[in-house]
Every structure is written in C-alpha cells, then in structure tokens.
Amino acid sequence: MSFLRRERSVLPGFGLSLGFTLFYLGLIVLIPLSAAFIKTAGMSWDEFVAAVWSPRVIASYRLSFLASFAAASVNAVFGLLVAWVLVRYPFPGKRIVDALVDLPFALPTAVAGIALTAIYSKNGWVGQWLEPHGLKIAYTEIGVFLALTFIGLPFVVRTLQPVLEELEPELEEAAASLGANRWQTVTRVILPELLPPLITGFALAFARALGEYGSVVFISGNMPMRTEITPLLIITKLEQYDYHGATALAVVMLVASFCLLLVINLLQKWSRRYYRV
Amino acid sequence: MAAAISTTLSHHTSHAAVQRATHDPKWVRWTLTGIALLFLACFLALPLAAVFAEALRRGFGAYFSAFAESDALASIRLTLLAAAISVPANLVFGVAAAWCIAKFNFPGKSVLITLIDLPFAVSPVISGLIYVLVFGLQGWWGAWLMEHDLKVIFAVPGIVLATTFVTFPFVARELIPLMQAQGSDEELAALTLGANGWQIFWRVTVPNIKWGLLYGIILCNARAMGEFGAVSVVSGHIRGETNTMPLHVEILYNEYNFVGAFAVASALALLAIVTLVLKTLVEWRHAQARKS
C-alpha cells in the first residue's frame with residue numbers, strides 16, 4: 001500500500017484511516033451479516049425451502065411486496081407534486097413545510113406507529129368517520145399501506161428536489177419559443193428529465209418499506225395469513241426459538257434488498273450520466 | 001406605420017405565448033399547492049399532532065406522572081447511554097472513512113463506499129437478528145460468553161451494538177461527498193508549510209467540514225435514540241433494565257396505558273422536532289458558508 005501513497009498523495013494517515021475503516025466495518029457490519037449466511041448454509045435444502053416457502057410465509061411476502069409497491073407508487077405521485085410545489089411556487093410557511101417533509105426520517109418508527117393507529121382506529125380522528133361507512137383502516141392491509149406510505153414519503157421528494165432546482169429555465173423557454181404550450185412543455189420536456197430521479201426515489205421508498213417494522217406492527221394487527229409482514233414473521237420465529245427459520249427468512253430478505261441496492265446504484269449512475277450530457 | 005404596429009403586436013403575442021408556456025396559470029398553482037399541502041397535513045402534521053393530543057388527553061398531571069415512574073427514567077437513561085456510545089463511535093469511523101476515501105486513491109474504493117451504505121439496506125429486524133446469531137446463547141460466541149459470565153444479548157452491550165449498526169453510515173455518507181468535493185489543496189498547502197498530520201486535520205480539515213460533521217451527528221443521534229426494530233430483537237424487554245424509550249412506549253401501549261405510552265412518545269416526537277429545526281439551521285448556515 002505504501003507505493004499507492006507515494007504515487008497518489010503525500011498526505012499522511014492513509015494506513016491508519018483505511019485500516020481503522022476496514023477493521024470497524026468488518027467488526028460491526030460484515031462479520032455479523034456473514035453470520036446470517038453461514039447459519040443458513042448449515043441448513044439442508046429441504047429445511048430451507050420449508051422455512052421460506054410455507055403458505056404463511058408466502059402470504060407475508062405478498063403483503064410486504066404489494067403494500068410496499070402501492071406505498072412507493074403513491075409516494076412517487078405525491079412526492080413529485082410536493083417537490084414541484086416546493087421548488088416552483090412561493091407560498092407562506094414554505095421553509096417549515098420543507099423541514100416537515102423529513103419528519104418520517106426523524107420521528108422514531110414506534111411513535112409513528114402508535115400515532116397512526118390512534119388516528120385510524122375506531123375512535124380515532126379519522127377512523128370514527130370512516131368505520132361507520134364500512135371502511136376499516138387500522139388492523140387491515142390498508143393500515144399497513146398507510147404506515148409504509150408515511151415512512152417512504154421523504155425519499156421521492158428529496159431525490160427530485162435537487163434535480164428540479166438545477167433544471168435550467170432555458171429548456172422551457174426553448175420549448176415555448178418553438179411553439180409548445182405549457183402542457184406539452186411539462187409532459188415532453190420536464191417530465192422526461194425527472195424520470196431517472198423519480199424511479200430512483202421510488203426504488204428507495206420501496207426498499208425502505210420492504211424492511212420496515214416499527215411503524216407497521218401497531219397498525220397491522222398482526223393476523224397470520226392476513227396482516228403479517230415478513231419482518232414480523234422473523235420476530236415471531238425468533239420468539240419461538242426457531243433460529244434457523246428466522247435466519248433463512250432473513251437471508252431471503254437480505255438477498256432481495258441487496259438486489260434492490262444494486263438496482264438503485266445503477267439507477268443513480270444512469271441519472272447522473274443523463275445530466276452530465 | 002401599419003407594418004410597425006403589426007410587428008409590435010406579433011412580438012407582444014409571442015412574448016405572452018412564451019409566458020404561457022413557461023409559467024403555470026394561477027389556478028393551476030393554487031390547486032397544486034393546495035393538494036400538496038393537504039397531503040402533507042394528512043400524512044405528516046396529523047400524526048405529529050395526534051401524539052401530543054393523546055399524551056395530554058388526561059391533562060398535564062397524568063402526562064408528567066408518566067415520566068416520574070422509575071421504569072420510564074431507566075429507559076431514558078438507557079437511550080441516552082446507547083446514543084452516547086454509538087454516535088461518537090460512528091463519528092470517529094465516519095471521519096476515518098471519509099479521510100481515506102476522499103484524500104487517497106486505492107483499488108476497491110467504490111466497493112468500500114457501497115459496503116459502508118449496506119446497513120441502510122438491511123431491515124432493522126435483521127440488524128438485531130445478526131447480533132443474536134453472533135452473541136446469543138445459540139450463537140458463535142454464546143457458549144464462551146456464558147463461561148465468562150458475560151451477557152451481550154438481552155443486555156446493554158447488545159443494545160449498543162444494534163444501535164451502532166443501524167446508525168453506522170450516517171456520518172460517513174455526509175462527509176465522503178463533502179470532502180471529495182473540497183479536494184486536498186488546502187491540506188497540501190498546510191503540509192508544505194510544515195504542518196504535521198494532526199495539525200492539518202484539526203486546523204484545516206475540521207474547520208472545513210464542521211457543518212457536514214454536525215449534520216451527520218444530528219441525523220445519527222436522532223436515529224440512535226429512536227431505533228425500535230433492531231433494539232427490540234436484542235433487548236429482551238426487561239423492564240427498568242434493557243428497555244429503551246421506544247421499547248418502553250411499546251410496553252405501555254400493549255398494556256393499554258395509552259396516556260403513558262403517548263407521553264413518552266411525545267418526548268421522542270419533541271426530539272424529532274428539535275432534530276428537524278437543527279437540521280434546517282445547519283443547512284442554512286452551510287449554504288451561507290458556501291456562498292461567502
């Protein structure tokens with residue numbers, strides 16, 4: 001490594017900082033994560049399949065996937081709207097609204113969970129108006145979807161905002177001087193520019209929703225086969241001392257989220273290249 | 001004369017057409033702003049308000065008595081302890097990682113950056129589970145720890161470790177792009193003037209990155225104090241001993257002590273609000289510093 005230092009930089013501290021970085025990364029992240037894979041490798045194939053492909057587990061995959069997908073889609077639509085309004089239109093209290101968008105990052109998930117449950121349960125502020133009409137939200141799939149929408153909200157807004165801010169007005173003026181009306185300018189000039197960050201934000205919100213636990217457990221009611229998300233199933237198995245089953249499920253989720261991480265990295269590279277041109 | 005009028009007119013109309021095509025009409029602006037604000041009010045402001053409304057449902061007496069309980073105080077102490085260990089640890093790591101990534105070139109750098117972000121991609125529940133697999137009774141070092149009468153899982157060390165894992169990337173991912181953008185020119189200048197490594201770091205680098213550093217610490221601390229899923233797996237929920245504030249909220253809630261649960265939750269919500277205010281201030285100062 002010393003030849004690298006001589007070649008690239010005369011600043012001191014390379015060995016110390018890289019050494020400490022790798023040591024700490026290994027100790028806190030890599031060794032514990034590898035434990036999950038090593039534990040699963042000790043299972044036979046049949047055991048593994050039995051643990052990750054039973055009807056109850058499949059029902060949880062279905063709910064986790066569909067609710068996360070729906071939540072990320074809603075966030076994509078409203079996130080685009082919120083980012084657009086925050087960047088383009090002046091209105092009083094904008095700075096406060098802008099800060100509030102990060103609330104789901106700052107508010108502990110358990111607090112969000114009990115707050116949402118209180119609002120949407122039978123006697124809550126919203127629930128008391130909806131339940132008489134037959135629309136139950138708390139302790140149903142809709143509740144899971146709402147909680148996931150809450151925690152995914154900042155991702156789309158925060159990935160779109162910087163791109164929208166840097167979008168040059170000349171682009172729209174050029175479209176206008178070529179005879180485009182506002183609708184054409186928005187749909188054919190602005191939206192295509194926003195597509196890469198929009199998809200990135202969607203993927204980030206989706207990935208976060210898949211693994212979410214704290215905000216969902218309170219509002220979902222946790223009924224097996226109906227409102228049980230996959231992370232909750234891992235906890236249930238752990239509480240029954242089924243360490244193999246819990247770890248096998250964890251490995252399935254880890255592989256899924258690593259694939260998503262890869263997709264997100266590629267998306268970000270794509271959108272960055274898109275803007276450099 | 002007529003020709004002059006017609007060119008002015010056409011010029012005028014084309015200007016109006018450009019205006020129409022680059023600016024949204026008033027009704028569109030108002031409708032979109034209205035929908036966006038309504039959405040944010042329903043999804044963000046309403047839950048926040050609900051926390052305080054539920055906490056104060058039985059008045060201030062019941063509210064403050066929730067904090068007088070010894071279990072609640074123990075949970076506050078544990079939450080502060082976990083943050084007091086994990087945030088500085090991740091701070092030192094973040095600075096070290098940013099220093100070697102931003103100031104030097106070495107093979108595998110982009111892989112290292114991806115690995116640092118890894119904990120964000122892992123479900124909180126799994127973040128707790130992996131420590132159970134390493135330190136739990138059935139885990140790799142479980143038997144050894146038993147022999148030496150050490151407890152990690154269902155005890156404070158496990159909670160600190162899980163908290164450190166979930167807050168691992170915060171400081172590093174703030175500092176890496178910031179230090180990469182700043183380059184090494186100022187540090188190299190200090191070096192030619194005869195400064196040693198620590199002098200360069202404390203007198204040149206730290207003043208340059210202080211806002212990014214502060215930003216990372218604020219976000220890291222908020223997550224450390226609020227983490228629920230990971231800590232829940234390793235804690236064992238022993239009242240007064242291994243319950244952090246979010247776990248204490250869960251226990252009170254499941255016991256139908258709603259006022260108590262929301263009272264402790266409101267303290268965490270206040271922490272979130274303080275975090276957002278500090279974050280906005282730091283962003284603002286950072287923008288100011290960059291302008292000047």
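What you are looking at is a predicted structure, and each value in this text was computed from that prediction instead of being measured. Proteins come first, then strands; the chains are lettered A, B, ... in the order of their sequence lines, and each starts at number 1.
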(request) Under 4.5 Å, counting heavy-atom pairs only, tell me which of A:Thr109, A:Asp102, A:Leu260, A:Leu146 racks up the most with chain B. (result) A:Asp102
(request) Kindly assign one of parallel, tilted or perpendicular to the pair A:Tyr213 and B:Phe228, based on the angle between their ring planes and the thresholds 30° and 60°. (result) parallel
(request) Consider only side-chain N and O atoms of A:Thr187 and A:Gln184, and report whether a donor and an acceptor are under 3.5 Å apart. (result) no
(message) Shorter than 4.5 Å, heavy atoms on both sides: which option in A:Ile28, A:Ile38, A:Val85 has the most such pairs with chain B?
(response) A:Ile28
(request) For chain A, find which of B:Ala53, B:Ala96, B:Gly226 contributes the most heavy-atom pairs closer than 4.5 angstrom. (result) B:Ala96
(request) Can you tell which part of A:Val189 gets under 4.5 Å to a heavy atom of chain B, answering side chain, backbone, both or neither? (result) neither
(request) Considering only heavy atoms and a distance below 4.5 Å, find which of B:Ile200, B:Val233, B:Leu48, B:Leu271 pairs most often with chain A. (result) B:Leu48
(request) Flag the one option from A:Tyr243, A:Phe78, A:Trp183 with the top tally of heavy-atom pairs under 4.5 Å to chain B. (result) A:Phe78
(request) Below 4.5 Å from any heavy atom of chain B, which atoms of A:Leu210 appear? Answer side chain, backbone, both or neither. (result) neither
(request) May I ask you to name which of B:Leu129, B:Val134, B:Leu247, B:Leu161 has the most heavy-atom pairs under 4.5 Å with chain A? (result) B:Leu129
(message) To the nearest 0.5 Å, what is the distance between CG on A:Leu204 and CG on A:Asn75?
(response) 11.5 Å
(message) So for atom CH2, which belongs to A:Trp125, do other residues, nucleotides or ligands contribute more than 12 heavy atoms lying within a distance under 6.0 Å?
(response) yes
(request) Select one option (side chain, backbone, both, neither) describing which atoms of B:Ile35 are under 4.5 Å from chain A's heavy atoms. (result) both
(message) Does any backbone or side-chain atom of B:Leu188 lie under 4.5 Å from a heavy atom of chain A? Answer side chain, backbone, both or neither.
(response) both
(message) For B:Val132, which atoms come within 4.5 Å of any heavy atom of chain A: side chain, backbone, both, or neither?
(response) side chain
(message) Under 4.5 Å from any heavy atom of chain A, what part of B:Ile126 do you find: side chain, backbone, both or neither?
(response) side chain
(request) Please work out which of the three classes, parallel, tilted or perpendicular, describes the rings of B:Phe201 and B:Trp198, given edges at 30° and 60°. (result) perpendicular
(message) Taking side-chain hydrogen bond (donor to acceptor under 3.5 Å, both in side chains) as the cut-off, I'd like each qualifying pair that reaches into residues 80-96 of chain A, sequence neighbours left out, listed once.
(response) A:Trp84-A:Tyr89, A:Arg88-A:Glu172, A:Tyr89-B:Asp24
(message) Can you tell me how far apart CZ (B:Arg29) and NZ (B:Lys26) are? Round to the nearest 0.5 Å.
(response) 6.5 Å
(request) Would you mind checking which part of A:Leu33 comes under 4.5 Å of any heavy atom in chain B, side chain (CB onward), backbone (N, CA, C, O), both or neither? (result) both
(message) Out of A:Phe105, A:Phe23, A:Phe218, return the one with the most heavy atom pairs under 4.5 angstrom to chain B.
(response) A:Phe218
(message) Report which part of B:Glu250 has an atom under 4.5 Å of a heavy atom belonging to chain A: side chain, backbone, both, or neither.
(response) both
(message) Using 30° and 60° as the class boundaries, would you call the ring planes of A:Phe258 and A:Phe37 parallel, tilted or perpendicular?
(response) parallel
(message) For the SG atom of A:Cys259 and the CD1 atom of A:Ile264, what is their distance to the nearest 0.5 Å?
(response) 11.0 Å
(message) Going by side-chain hydrogen bond (donor to acceptor under 3.5 Å, both in side chains), name the pairs with one or both residues in residues 10-37 of chain A, residues two or more places apart or in two chains.
(response) A:Tyr24-B:Asn90
(request) Return the orientation label for the B:Tyr131 and B:Phe135 ring planes: parallel under 30°, perpendicular over 60°, tilted otherwise. (result) parallel
(request) Sort out for me which of B:Ala89, B:Gly128, B:Ala45 touches chain A most, counting heavy-atom pairs under 4.5 Å. (result) B:Ala89
(request) Find the one option among A:Leu103, A:Leu30, A:Val97, A:Ile114 whose heavy-atom pairs under 4.5 Å with chain B are most numerous. (result) A:Ile114
(message) Once rounded to the nearest 0.5 Å, what's the spacing between atom OG of B:Ser235 and atom CD1 of B:Ile153?
(response) 10.0 Å
(message) For the interface with chain A, which of B:Leu268, B:Val274, B:Val249, B:Thr275 has the highest count of heavy-atom pairs at distances below 4.5 Å?
(response) B:Leu268
(message) Using heavy-atom distances under 4.5 Å, tell me whether B:Phe93 contacts chain A through its side chain, its backbone, both, or neither.
(response) both
(request) Take atom CD of A:Glu168 as the centre, draw a 6.0 Å sphere, and report whether it contains more than 12 heavy atoms from other residues, nucleotides or ligands. (result) no
(request) Check whether more than 12 heavy atoms from other residues, nucleotides or ligands sit under 6.0 Å from atom CZ of A:Phe91, and answer yes or no. (result) yes
(request) Side chain from CB out, backbone as N, CA, C, O: work out which of these in B:Ala49 comes under 4.5 Å of a heavy atom of chain A, or both, or neither. (result) both
(request) Identify which of A:Ala115, A:Ala36, A:Ala207 forms the greatest number of heavy-atom pairs closer than 4.5 Å to chain B. (result) A:Ala115
(message) Please classify the contact between A:Val217 and chain B as side chain, backbone, both or neither, with a heavy-atom cut-off of under 4.5 Å.
(response) side chain
(request) Select one option (side chain, backbone, both, neither) describing which atoms of B:Phe168 are under 4.5 Å from chain A's heavy atoms. (result) side chain
(request) Please look at B:Ile273 and chain A and tell me whether the side chain, the backbone, both or neither of the residue comes under 4.5 angstrom of a heavy atom of that chain. (result) neither
(request) Establish, yes or no, whether a centroid distance under 6.0 Å links the rings of A:Phe14 and B:Phe104. (result) yes
(request) Report, as yes or no, whether the 6.0 Å neighbourhood of atom CG on A:Leu266 holds more than 12 heavy atoms from other residues, nucleotides or ligands. (result) yes
(request) Sort A:Leu107 into side chain, backbone, both or neither according to what part of it lies under 4.5 angstrom from a heavy atom of chain B. (result) both
(request) Check whether the side chains of A:Asn265 and A:Lys269 place a donor and an acceptor atom closer than 3.5 Å, and report yes or no. (result) no
(message) Please tell me whether A:Thr247 and A:Thr40 have a donor and an acceptor in their side chains that are separated by less than 3.5 angstrom.
(response) no
(request) Mind checking the OG1-CD1 spacing from A:Thr117 to A:Ile137? Nearest 0.5 Å is all I need. (result) 11.5 Å
(request) Could you list which of residues 111-120 of chain B have a heavy atom closer than 4.5 Å to any heavy atom of chain A, in residue-number order? (result) B:Leu112, B:Thr114, B:Leu115, B:Ile116, B:Leu118, B:Pro119
(message) So for A:Ala112, is it side chain, backbone, both, or neither that comes closer than 4.5 Å to the heavy atoms of chain B?
(response) neither
(message) Given heavy-atom pairs under 4.5 angstrom as the criterion, report whether the side chain, backbone, both or neither of A:Leu100 touches chain B.
(response) both
(request) Against chain A, work out which of B:Val28, B:Thr280, B:Leu46 has the most heavy-atom pairs shorter than 4.5 Å and name it. (result) B:Leu46
(message) Within this structure, what is the CD1-OG distance for the pair A:Ile235 and B:Ser232, rounded to the nearest 0.5 Å?
(response) 4.5 Å
(request) Please flag which part of B:Phe39 lies under 4.5 Å from any non-hydrogen atom of chain A: side chain, backbone, both or neither. (result) side chain
(message) Restricting to salt bridge (Lys or Arg N to Asp or Glu O under 4.0 Å), what partner residues turn up for B:Glu187, sequence neighbours left out?
(response) B:Lys103
(message) Please classify the contact of B:Thr33 with chain A as side chain, backbone, both or neither, using a heavy-atom distance under 4.5 Å.
(response) both
(request) Could you look at B:Arg223 and say if it's the side chain, the backbone, both or neither that has a heavy atom under 4.5 Å from chain A? (result) neither
